[in-house]
Structure formats: C-alpha cells, structure tokens
Amino acid sequence: MQHGYSRLGAVRSNGGSPPPSPRFRQGRNKSLSVGGSGRGARQNLVEKLVVLVISTVFRRRGVLLFAPLLYFSGMLLYMGSLGFDVSFKRIGHGGGGPKPPGSVYRSPQVFESLRPFMEADSNETHNALMRAWKPNIRQVWKPCISPTISQAGSRELPESNGFLIIEANGGLNQQRLSICDAVAVAGLLNATLVIPIFHLNSVWQDSSKFSDIFDEDFFIDALKNNVKVVRQLPEDVLQRYNYNISSIVNLRVKGWSTPAHYLQKVLPKMKKLGAVRIAPFSNRLTQAAPSYIQGLRCFANFEVLRFAEPIRLLAEQMVQRMIKRSFAAGGRYVSVHLRFEKDMVAFSCCEYDGGEEEKWEMDAAREKGWRGKFRRKGRVIKPGANRMDGKCPLTPLEVGMMLSGMGFDNTTSVYVAAGKIYKAEKYMAPLKLMFPHLETKDTIATPEELAPFKGHSSRLAALDYTVCLHSEVFVTTQGGNFPHFLIGHRRYLYGGHAKTIKPDKRKMALLFDSPRIRWEHFKRQMKDMLRHSDGKGIELKKPSSSLYMFPVPDCMCKEEGRELEYSNTTTLV
C-alpha cells in the first residue's frame, strides 16, 4: 500500500492541532459569505483545514489508510476555493451546452437543405466521370519486375534448405499479404514453400482453402523458376511428424522482422529440422527490404496471384455488365468500397441518427464480436471525438453527397462493394435517390451465379475486388486491407496512378455538421478534395510504406516521352 500514500509520507507534522470543530466550520461558512477581502481569508482557512486534517491523520495512524482520500479531497476543495471549475464531459453522449463542430451526425439535415440545389445542378453540369483525372506529367510508370528476379529465374534453383509452412489468417487481403510475404521469405531462405494454410477466422467465418480462392496450379507454375512450391509435405517428412503438421516446431517470429532475422534465426532451425512452421504469419516481414525481396513480393502479388477460375469467370462477366450499363459514360463507372456493415459501425464507436435503439444494438454487437473489449476498465467511448478525428465510416448518404459535390451526375453508374449494410433499407435509400444507376454484386449477378459463393466471405470479396479494380474511379471510405491492396493494384495497372478518391473525413465532418452550408461552398470543397486525390494518385514508396499500396518504384519502371493516358481496361487478373 506504500504507493497509495507516498506523497503524504513526505509531510511531517509539528504540532498537535485539534480536529476542526462545528464552531470552526460555522466560522468558515460565515467568511465565505463576506465580500471584499473574504477571498484571501477563505483561502487561508482552507489551507489551515487541509493542514489540520493531514496532521490528524499522521497523529492517528489507525486512519492512515484514508490519507490518500483525505488528501485529494482537500486538494479539490482547495482548488474549488480558488475558483477552478472542474467538469467532465463525454463527447457525443448527452450533456448540456453546444457540441464541438464536427462531433454530431447532421448529414441528413444538410442533405435536405442542399437537395434542391443538387438536383438542379445535376441537370446542368457535365459528368465528372469524363474528366476526373487530369495528369499533367510527361512521365509514365509501367509494370516491370526487378532484374534480379529475371536473372534468378534464368538459373536452376539450388537444393532446398527445407520446407516453410505458414498459416494465413484474416480476410481475403490479409491472406494475400501473408502469401506474398511467404513467397519472399521462401526465396530469401531458399526454402520450399508449402501451399499456405488458411486459418478459420472468428470474424470472417470462411472455411475456404487456398485453391478455393486462388488458382493453385498457376501459382505453382508461375513461381517455379524463383521459388519451389508444393501442395503438401512429402511422405517421409509427414511420417517423421506422425502426419500431424502441428507437431512441426512453430517459430514465433516478431512482427516486421528483417531479412537478417530470418537468415540468423529461422534458417538454422530449418536446416536442422528439415521443416519449420510460422503461424500466424501476418505482417512478419519488414516493409523495407533489399530489391530481390521486394521483387519477389511484386511478382507474387501482381503477376502470380490470380483468382480461381470460378471467381475469375463470374467476375469477368460482372465487369462486362457494368461496362455495358455505363454506356452513357463510355463504359466508365464508379466503384465504392462502403464500410457500413453492422460490425464496422459498432467497432468504430460512432453515433448516427438511430437514438437509443442504435446505441443498444451497437453495444450488443460490440459485446458479441469483441467480448468485453469495449467495457474494459478505463475504456471511454467518445463518438464525437471519433467523428471529429475522421474515424467514423461514411454513410451511403455522405458518399452520395460527396460524389454529387464533385460533379458526378445522376447518370453515373455506381458499383457498391460491401457486406450486409447496417439498416440498408434506411441508409441506402438516399444514395439510390442520388444515383439511380446503382449496382451491387446481388444486382449485377443472378442468385444462381452467386449461390456457390454464399457463405464464403473471401470469395464474395474477390468478386467485389475485381469489379472495383477495373472501374474508372474507386472510392475508399474507411481504410483496411481491401483498399490498401486495391489502390496499389490500380497503380500497377494504370500507369502508376491510383485513380482513387480518398476523402478527407475530418474536413467532411465539419462540412456535414453545417445545415446552413451553401451549395457552392460545398461543391468547391468537394472538388478540391477530388483534385487532391488526383494529385496524390502517383506516389513513390517511402521506406516504411507498404509496397502493396505503393508499387512505384519497386514494381514499376519509368517510361519517358508520352502523356499518361487513362483508359478502362477489361483484362482481368
């Protein structure tokens, strides 16, 4: 208990002052009611009271355990006598007084205010889809694999040092990350990579194997000159471990480990045991790595990993249907990754316009999905602060207003990539009103076509990924692995430019909190945001950045001497 009263322990009492009497308290109250010099007098009285209480505590050791409480009570009383106002607010949860700008969801009110102007403007302006990207550069980036990859591929692979087994967890694109990094590590260690095992994630609940999502034969064949890949361990190795892969030693590799760590710690174990396992294997390789490692990552992600044939064939049909339905814009369409599923809204701890019913539903969803994580001691939920900080998922209404402000008119074809939208009937209605040519995988594909993919979230995500990949404009609304990989893949396909709108959600929170905002001002802010996304479309990878999002310059080469021309491609990967 020493720490509980350590500050008081430094105090030494010199006298035997008696405890305060009722007469003393009455005198204090009287002094507080007197004006003029009463402030100095009551400060002295409070100081004396604090000293007297502390002295009493140290004279009577039997009440020593109450010392911290008495001390802090005295300090608060002292601060109150000096006129300090101490108050505690929970942003976004009731309380009096005005809320900070941008902390409250007022987008529906803003929409009702601006709706007449939006509808009138939509009939007069040209569709921004035809002029969204305005590159003024003479330099284009084209896909190319590191020379070290092609040189290594021209030679016969040396004898393997052993087998590398990894376990990929998470959803589609977290699995993609693990696979590509595993290829790079296997190349570094001159190991034979066993087809990655997919862990059944408690959130995604997808039992798909590697071959259900990716083209396994193509993967093995495409890597044969750089990394040897096998579907399973050979019989003699399996026999050594009693046909139980979990018996193989699992090396606990730290996140973002360097190539040197793998060479010094993992390789000796592999040579000694013949096979090692790393599970889980997400984010286990540093972003900054030698060119050979980066080249293998590029090769694996952009050239080797392609979806399994059933996914690829249906995705191709979906892309073609979107192009056909976008005839008014020359086959161009907008894709939106809309993260407004119930679990995402719950995890964000943001509040919308559902009142107590929404709060109850979100509390229940958080408890079901994260079992007490949000009720831990000291955890404070601040919906208002989250909104001001740009951490709240954009609603379908906000996405529609943003696109309208940027100049996309109501003839624009919009593809929405999402899971099950929270209260879809309510929240999707205004987006469909603004953009009647709106499609999802459930409208662009038939129930019979989607039937084999139902219940498999990663396979459904692969369909969304492909349709978004080939859109003229991609809109990301909440971050995560899906846009992370998609933005980089689009840069790889489109001359280094992402062709992606990444909204400034902090600024949008302020704009959507102003029901009296003028349409012209709103439009100007949205078009500035579009120009900013255009300007940031081509970015070079920084040492600590992800190659999968920033493939320039590790995965691409300069192509000088011609204008960058944007065109919608239908070549599927």
Side-chain angles (χ1 to χ4, degrees), residues 168 170-180 198 201 203-204 206 208 210-216 218-219 298 300-323 333-341 344 413-421 439-445 449-450 452-494 498-502 546-549 551 555 568-573:
L172 172 69
N173 290 289
Q174 192 169 341
Q175 291 169 340
R176 191 182 193 103
L177 168 67
S178 298
I179 295 165
C180 297
F198 285 179
N201 186 273
V203 175
W204 292 93
D206 190 339
S208 298
F210 185 99
S211 58
D212 295 323
I213 301 173
F214 299 105
D215 190 329
E216 191 172 283
F218 183 82
F219 181 77
C298 296
N301 187 50
F302 299 117
E303 301 292 343
V304 173
L305 266 189
R306 73 178 189 185
F307 293 127
E309 187 176 22
I311 296 173
R312 206 165 63 250
L313 291 178
L314 178 56
E316 183 175 1
Q317 292 177 2
M318 292 168 67
V319 171
Q320 294 302 329
R321 290 168 192 171
M322 280 303 303
I323 292 173
Y333 61 92
V334 174
S335 62
V336 179
H337 184 224
L338 190 57
R339 294 308 313 274
F340 204 69
E341 301 92 348
M344 176 55 68
S413 292
V414 176
Y415 180 85
V416 172
K420 186 178 180 182
I421 299 296
E439 308 285 356
T440 66
K441 54 181 167 286
D442 293 305
T443 63
I444 205 73
E449 289 173 327
L450 290 175
F453 305 96
K454 290 295 184 181
H456 299 285
S457 57
S458 292
R459 300 185 214 181
L460 291 171
L463 296 174
D464 278 339
Y465 184 97
T466 306
V467 181
C468 290
L469 182 63
H470 297 286
S471 62
E472 176 66 15
V473 175
F474 172 63
V475 181
T476 174
T477 63
Q478 186 58 19
N481 283 319
F482 187 97
H484 179 99
F485 273 84
L486 198 55
I487 289 171
H489 207 153
R490 289 170 64 82
R491 284 188 168 118
Y492 188 79
L493 289 182
Y494 301 128
K499 300 174 72 172
T500 296
I501 295 173
K502 193 174 182 181
S546 166
L547 171 145
Y548 305 116
M549 189 174 187
C555 311
N568 194 31
T569 178
T570 58
T571 303
L572 301 185
V573 296

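Heavy-atom basis, side chains included; hydrogens, waters and symmetry copies ignored. If you're wondering where the values come from, they're calculated on a predicted model, not measured in any experiment.
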Undergrad: In terms of ring plane angle, is the pair F214 and F198 parallel, tilted or perpendicular, where the classes change at 30° and 60°?
TA: perpendicular
Undergrad: Hey, is the main chain of R306 close enough, under 3.5 Å, to the side chain of D215 for a donor-acceptor pair?
TA: no
Undergrad: Considering non-hydrogen atoms only, spot the tightest contact between S211 and E216 and give its length.
TA: CB-OE1, 3.6 Å
Undergrad: Compare all side-chain heavy atoms of R459 with those of F307 and state whether any distance is below 4.5 angstrom.
TA: no
Undergrad: Just so I know, are the side chains of L450 and L463 near enough to count as touching, which here means a heavy-atom distance under 4.5 Å?
TA: yes
Undergrad: Give, for atom CG of L177 and atom CZ of F485, the distance between the pair rounded to the nearest 0.5 Å.
TA: 4.5 Å
Undergrad: Please answer whether the main-chain N or O of T477 pairs with a side-chain N or O of R339 as donor and acceptor at a distance below 3.5 Å.
TA: no
Undergrad: Heavy atoms only: give me the nearest H489-F302 pair and the separation to one decimal.
TA: CA-CE2, 3.7 Å
Undergrad: Does any non-hydrogen side-chain atom of P483 lie less than 4.5 Å from one of F474?
TA: yes
Undergrad: Which heavy atom in V334 sits nearest to a heavy atom in S471, and how many Å separate them?
TA: C-CB, 4.4 Å
Undergrad: P551 and R491: which non-hydrogen atoms are nearest, and at how many Å?
TA: CG-CB, 3.9 Å
Undergrad: Can any side-chain N or O of R490 pair as donor or acceptor with the backbone N or O of K499 at less than 3.5 Å?
TA: yes
Undergrad: E303: which residues meet the salt bridge (Lys or Arg N to Asp or Glu O under 4.0 Å) condition with it, sequence neighbours left out?
TA: none
Undergrad: Roughly how far, to the nearest 0.5 Å, is OH of Y494 from CG of L469?
TA: 5.5 Å
Undergrad: Show the nearest heavy-atom pair for residues Y465 and N173, with the distance to one decimal.
TA: CE1-OD1, 3.6 Å
Undergrad: What distance separates T476 OG1 from L338 CG, expressed to the nearest 0.5 Å?
TA: 10.5 Å
Undergrad: Heavy-atom distance under 4.5 Å between the side chains of I179 and F219, does that happen here?
TA: yes
Undergrad: Does the pair D442/K420 count as a salt bridge with the N-to-O cut at 4.0 Å?
TA: no
Undergrad: Within the structure provided, determine whether H456 and I213 are in side-chain contact (heavy-atom separation under 4.5 Å).
TA: no
Undergrad: Quick one: CD1 on I487 to SG on C468, what's the gap to the nearest 0.5 Å?
TA: 11.0 Å
Undergrad: Do the non-hydrogen side-chain atoms of L486 and H337 ever get within less than 4.5 Å of each other?
TA: no
Undergrad: Taking side chain as C-beta onward, heavy atoms only, is V467 less than 4.5 Å from E439?
TA: no
Undergrad: Are any non-hydrogen side-chain atoms of Y415 and M318 less than 4.5 angstrom apart?
TA: yes
Undergrad: So, taking the atom named NE2 in H470 and the one named CD in Q320, what distance separates them when rounded to the nearest 0.5 Å?
TA: 9.5 Å
Undergrad: Output the distance between atom OG (S208) and atom CD1 (I311), rounded to the nearest 0.5 Å.
TA: 7.5 Å
Undergrad: Grab the two heavy atoms, one from E341 and one from G419, that are nearest each other, plus how far apart they are.
TA: OE2-N, 2.9 Å
Undergrad: Suppose we screen for side-chain contact (heavy atoms from CB on, under 4.5 Å). Which residues come up paired with H484, at least two apart in sequence or across chains?
TA: S546, Y548, M549
